[in-house]
Amino acid sequence: MDANLYYQVYFDYELKTKEEVYSFISETVCQDAPSQKKEIIEQLYEREKVGSTLIAEHVMLPHIESNQVKKSQILFIRLSDPIVQWDHKTEDIQLLIVIILKKKENDQIKKKIALFTRTLADEDYLNRLLKFDEQRDFEKEIRRF
């Protein structure tokens with residue numbers, strides 16, 4: 001992970017539903033502007049209407065580009081227990097990799113995020129993230145990219 005790209009890790013985090021996940025994301029990215037939380041949640045739902053964000057078994061990639069955030073960031077949320085039912089087609093979610101891109105982000109950051117998203121095509125990488133028991137190992141794997 002590029003040191004200049006802002007990311008946060010939440011390991012063994014307890015979230016039980018998609019609604020809780022989206023609420024958590026909005027609270028995390030809108031800490032300075034609580035009035036914008038609702039808009040972030042709506043954008044996440046709108047993005048999901050376009051197509052599933054399931055990128056591998058047990059792994060979701062919610063992502064939006066928003067003018068409601070001041071800084072682009074990536075959130076890694078490794079759940080303490082799987083979300084049994086994400087929606088009517090998706091179940092047993094254990095890891096969320098959330099990309100929040102600031103509207104009109106500069107090209108350098110966009111390129112870094114694009115490079116990172118290519119690593120998500122590596123099934124072995126995602127499987128390692130799913131299997132770590134220790135947060136330290138999980139974060140070490142993330143920093144490799």
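Counting begins at 1 with the first residue of the sequence.
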Practice task
For Glu141 and Arg128, run salt bridge (Lys or Arg N to Asp or Glu O under 4.0 Å): C-alpha distance rounded to whole Å, both residues' side-chain angles, the deciding distance at 0.1 Å, then the answer.
Solution key: CA-CA 8 Å; Glu141 184 70 22; Arg128 286 192 302 274; 2.8 Å; yes
Practice task
May I ask you to test the Ile99-Ile113 pair for a side-chain heavy-atom distance under 4.5 Å?
Solution key: yes
Exercise for the section: Please lay out, stage by stage, how Tyr10 and Gln8 fare under the test side chain to side chain donor-acceptor pair (under 3.5 Å). Expected result: CA-CA 7 Å; Tyr10 300 91; Gln8 299 179 63; 2.4 Å; yes
Completion exercise
On a heavy-atom basis, the closest approach of Leu61 and Ile97 is CD1-O, 3.0 Å
Handout entry: Check against ring-ring contact (aromatic ring centres under 6.0 Å, His included), Tyr13 and Phe24
Key = CA-CA 11 Å; Tyr13 213 76; Phe24 174 75; 4.7 Å; yes
Practice task
Return each pair, listed once, that meets salt bridge (charged side-chain N to carboxylate O under 4.0 Å, His left out) where at least one residue sits in residues 80-91; pairs must be two or more places apart or across chains.
Solution key: none
Exercise for the section: Return yes if some donor-acceptor pair links the side-chain N/O of Arg47 with the main-chain N/O of Pro62 below 3.5 Å, else return no. Expected result: no
Fill in the blank from the handout: Value for OG (Ser66) from CD (Glu105), rounded to nearest 0.5 Å, stands at 12.0 Å
Practice task
Could you pull out all residues at least two apart from Lys18 that satisfy salt bridge (Lys or Arg N to Asp or Glu O under 4.0 Å)?
Solution key: Glu48
Completion exercise
Here the ring pair (Phe, Tyr, Trp, His ring centres under 6.0 Å) pairs for residues 32-53, sequence neighbours left out, are Tyr22-Tyr45
Exercise for the section: Can you tell me which residue pairs pass the salt bridge (charged side-chain N to carboxylate O under 4.0 Å, His left out) test with a partner in residues 57-76, sequence neighbours excluded? Expected result: none
Handout entry: Parallel, tilted or perpendicular, as decided by the 30° and 60° cut-offs, for the rings of Phe138 and Phe132
Key = perpendicular
Fill in the blank from the handout: CG of Asn67 to CD of Glu39, rounded to nearest 0.5 Å, is 7.0 Å
Problem - Pairwise side-chain contact, Thr53 with His63, heavy-atom cut-off 4.5 Å (strictly under) - result: yes
Completion exercise
Sequence neighbours excluded, the answer for salt bridge (Lys or Arg N to Asp or Glu O under 4.0 Å) partners of Lys16 is Glu14
Problem - Contacts of Lys49 that satisfy salt bridge (Lys or Arg N to Asp or Glu O under 4.0 Å) - sequence neighbours left out - result: Glu46
Practice task
Side-chain contact test, heavy atoms from C-beta onward, threshold under 4.5 Å: evaluate it for Thr28 versus Ile25 and give yes or no.
Solution key: no
Handout entry: Close side-chain approach of Leu54 and Ile93, heavy atoms under 4.5 Å
Key = yes
Exercise for the section: Applying side chain to side chain donor-acceptor pair (under 3.5 Å), run through Glu27 and Gln31 and close with a yes or a no. Expected result: CA-CA 6 Å; Glu27 289 174 19; Gln31 291 179 357; over 6 Å; no
Handout entry: Check: Lys102 main-chain N/O paired with Ser72 side-chain donor or acceptor under 3.5 Å
Key = yes
Practice task
Answer whether the closest heavy-atom distance between the side chains of Leu129 and Ile142 falls below 4.5 Å.
Solution key: yes
Exercise for the section: Report yes if some heavy atom in the side chain of Val98 is under 4.5 Å from a heavy atom in the side chain of Phe76; otherwise report no. Expected result: no
